[in-house]
Protein chains: 2
Amino acid sequence: MEPDILELESFLPYRLYRLADAVSREFSRIYRDRHGLTRPEWRTLSGLGQRGTMTATELGEQSAMHKTKVSRAVAELERRRWLTRTPDENDRRVEHLALTKAGLAAYREMVPLAIAFERELLGRLGAEERAAIVSGVTALEAKLTPEQGIGPRRASPVDQS
Amino acid sequence: MEPDILELESFLPYRLYRLADAVSREFSRIYRDRHGLTRPEWRTLSGLGQRGTMTATELGEQSAMHKTKVSRAVAELERRRWLTRTPDENDRRVEHLALTKAGLAAYREMVPLAIAFERELLGRLGAEERAAIVSGVTALEAKLTPEQGIGPRRASPVDQS
DNA sequence: CCAAACTGGTTTCATTTGTAACCATCGAAA
DNA sequence: TTTCGATGGTTACAAATGAAACCAGTTTGG
């Protein structure tokens, strides 16, 4: 009953990874070609654009990045003068990050491109397929506990690419 | 109508990537803890175990790896004496790769673990959710052209089940 | 009040990765 | 044949990544 070979092409972890990698690679052109951003930098920009102000830790939680990635991405965006740090009043370890005008401009420029990308991607599918991928991903996300790398988490850092 | 912010948590490329990364990271424990394999090494082992004999190029196509990754993975597995290279009779650029007894043993040991992992993962879902993720992934795979990093270059559409 | 444990964030170092250049061989065309 | 462009595969080098050590500031328990 147990097969003694594994069909890689049908193996969900592999398929999922390959799919995500292909999609992400394709999408990355939008921020890489345009501004030479890395994925962590894009996520940082996107997170701050979305929420306005966040600390590095919050950024890491929201966008599933390891703190070192956040740190480096923030440093780079600061170097570009796309964001500024404001020390917290009460806790001097914490810095509140926010986009500058230039950062916000870049963000605003990219949002429609990102949305168009997603729309185009989903547009290749039929309505049922679209529903399937979305609900399937949602279901699986829900089953992955924080310890397994997804979902909000308080203690103990997660690592993601 | 066009929102001027992007909700990262709902953005499919991000969700897909995060999900795949979490799953893959979890799964990687199986081959990493057990034998200290990297992902490219695991894929190489898996590909050869599945098909018996392949060239480096074929390996790269089957398991969606860049040729440098294949090259390095093959070199490492050869160093472990888990695979051997046999020069092609007609084309001296080509080498046919195959697992040794030791390589095959490691492969055979890991296949049930991989299958159990997948089963457990899908087992967390209900039947409908399971169907949704599988058919959703299948649908999206089918829409990604080879140039975008997925899909058979020659024929034989991506597998289901 | 003070030491220990903890937390936000950065840095160091080794490993992994991607890009491009490279070597050898092959195949087609002149 | 000779030449030239493709192809299989490896290597060199730079950039990205992860783990762990680290620094500074904060909290907690005695």
Side-chain angles (χ1 to χ4, degrees), chain A residues 17-18 21-22 24-26 28-29 31-33 36-44 47 53-79 83-97 149 153-161, chain B residues 17-18 21-22 24-26 28-29 31-33 36-44 53-79 83-97 149 153-154:
Chain A
Y17 192 92
R18 184 184 52 171
D21 192 61
S24 174
R25 200 176 288 274
E26 177 75 7
S28 74
R29 301 231 287 248
Y31 50 78
R32 196 163 40 70
D33 289 359
L37 294 176
T38 63
R39 182 164 42 221
E41 285 155 19
W42 151 251
R43 285 193 187 169
T44 299
T53 288
M54 276 195 283
T55 69
T57 300
E58 289 166 343
L59 255 171
E61 281 166 7
Q62 194 223 3
S63 53
M65 294 191 292
H66 185 95
K67 51 183 345 203
T68 61
K69 277 189 183 172
V70 175
S71 175
R72 296 191 258 241
V74 166
E76 168 61 19
L77 294 189
E78 184 186 32
R79 200 193 58 70
L83 69 74
T84 55
R85 311 173 189 242
T86 309
D88 183 275
E89 296 286 297
N90 308 314
D91 188 337
R92 303 211 310 262
R93 296 168 302 179
V94 177
E95 290 171 325
H96 299 278
L97 309 166
R153 178 198 278 68
R154 287 140 253 293
S156 115
V158 194
D159 18 89
Q160 270 269 4
S161 99
Chain B
Y17 193 93
R18 184 183 53 169
D21 195 61
S24 174
R25 200 176 288 271
E26 177 75 7
S28 74
R29 302 231 287 248
Y31 50 79
R32 196 165 40 71
D33 289 358
L37 293 176
T38 63
R39 182 164 44 221
E41 285 155 20
W42 150 252
R43 284 191 187 171
T44 299
T53 288
M54 275 196 284
T55 68
T57 300
E58 288 167 344
L59 255 171
E61 282 167 7
Q62 195 223 2
S63 53
M65 295 190 291
H66 189 251
K67 50 186 342 210
T68 62
K69 276 191 186 170
V70 175
S71 176
R72 296 190 257 241
V74 166
E76 169 59 21
L77 294 189
E78 183 186 34
R79 199 193 59 70
L83 69 74
T84 55
R85 311 175 190 239
T86 309
D88 183 277
E89 296 285 298
N90 308 315
D91 188 337
R92 300 210 314 258
R93 294 169 303 180
V94 177
E95 289 172 325
H96 299 278
L97 309 166
R153 270 64 171 172
R154 301 167 306 185

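Please read all numbers here as calculations on a predicted model, not as lab measurements. Chain A is the first sequence line, chain B the second, and so forth, proteins listed ahead of strands; every chain is numbered from 1.
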Counting any heavy atom closer than 4.0 Å, what does Asp88(B) reach on the DNA or RNA strands: base, sugar-phosphate only, or nothing? nothing

Do Ser28(B) and Arg39(B) have a side chain donor and acceptor closer than 3.5 Å? no

Expected output: side-chain Thr44(A) to main-chain Pro40(A) donor-acceptor under 3.5 Å: yes

Tell me whether the side-chain N/O atoms of Lys69(B) come closer than 4.0 Å to OP1 or OP2 in dG18(C). yes

Side chain of His66(A) only, please: which of dG9(D), dT10(C), dA19(D) is the nearest? dA19(D)

Nucleic acid contacts of residues 37-44 of chain B, taken as heavy-atom distances under 4.0 Å to DNA chain C: Thr38(B), Pro40(B)

Please evaluate the base of dT7(C) for a donor-acceptor partner in the side chain of Arg93(A) within a cut-off of under 3.5 Å? yes

Would you mind telling me which of dA20(C), dG9(D), dC26(C) lies closest to the side-chain atoms of Asp91(B)? dC26(C)

Between dT19(C), dG8(D), dG9(D), which one does the side chain of Arg72(B) approach most closely? dT19(C)

Test the Arg43(B)-Tyr31(B) pair against the cation-pi criterion, namely NZ or CZ under 6.0 angstrom from the six-membered ring centroid and within 45° of the ring axis. no

Does Arg85(A) put a side-chain nitrogen or oxygen below 4.0 Å from OP1 or OP2 of dT10(C)? yes

Have a look at Thr57(A) and say if it touches a base, only the backbone sugar-phosphate, or nothing, with a 4.0 Å heavy-atom cut-off. sugar-phosphate

Nearest-Å distance, CZ (Arg92(A)) to P (dG8(C))? 16 Å

Closer to the 5' end of DNA chain C via nearest nucleotide, is it Asn90(B) or Thr68(A)? Thr68(A)

Would you kindly give the NZ-to-C1' distance between Lys67(B) and dT17(C), to the nearest whole Å? 15 Å

